[in-house]
Amino acid sequence: GFHLPVQDHTQIPCSSLSGGVPIMKTSMIMRDLTDHEIHAYVDKDRPFNSCGSYRFEKNGYKLFKETNGSLEAIIGLPFNELKDTINEHL
C-alpha cells in the first residue's frame, strides 16, 4: 500500500492590499492505494501536467480519504477568500 499525507498552502496574492500575504492552509490525506489503482487513475485522468500529479476536480478526489480546508484552494484559486480579502480593503 501507499500512504502519503499532502499539505497544500495556497497564497492569496493580496500583499499590496493588506501589507502581507494571507496563506490558506489545507491538508489532504491519500488513501492507501494499490499499484493497480494508481495505474488505473493515471490512465483515466492523465495528470502529467497537474500540480501534485493529480486532478482533484476530475477523478483525483477519489485518491484521498480526507481533505480539510477550502476545496477551491485545493483545485486552484480560492475565490471566496480572495473576494473577502479584497472587500476588507475597499
Fill in: Aromatic ring pairing F56/F64, orientation class (parallel under 30°, perpendicular over 60°, tilted between)
tilted

Fill in: Side-chain heavy-atom pair Y54, D45 within 4.5 angstrom cut-off
no

Discussion item. Would you say that Y41 contacts R55 through its side chain, given a criterion of any heavy-atom pair below 4.5 Å between the two side chains?
Written reply: yes

Worksheet item: Is a donor on one side and an acceptor on the other found under 3.5 Å between the side chain of E66 and the backbone of I29?
Response: no

Discussion item. Can you give me the closest heavy-atom contact between N59 and K44, atom names plus distance?
Written reply: ND2-CD, 3.1 Å

Worksheet item: Of all heavy-atom pairs between P47 and S53, which one has the smallest distance, and what is that distance?
Response: CG-O, 3.3 Å

Worksheet item: What is the distance from atom CD1 of I75 to atom OH of Y61, rounded to the nearest 0.5 Å?
Response: 11.0 Å

Worksheet item: Considering residues, nucleotides and ligands other than N49, do more than 12 of their heavy atoms fall under 6.0 Å from its CG?
Response: no

Practice prompt. Mind listing the closest non-hydrogen atom pair of K62 and R31 along with its distance?
Written response: O-NE, 2.7 Å

Practice prompt. Could you tell me which non-hydrogen atom of T34 sits nearest to which non-hydrogen atom of E37, and how far apart they are?
Written response: N-OE1, 2.8 Å

Worksheet item: Of all heavy-atom pairs between N80 and E72, which one has the smallest distance, and what is that distance?
Response: N-OE1, 3.3 Å

Fill in: Reported CD-to-NZ distance for the pair E88 and K83, which is rounded to 0.5 angstrom
11.0 Å

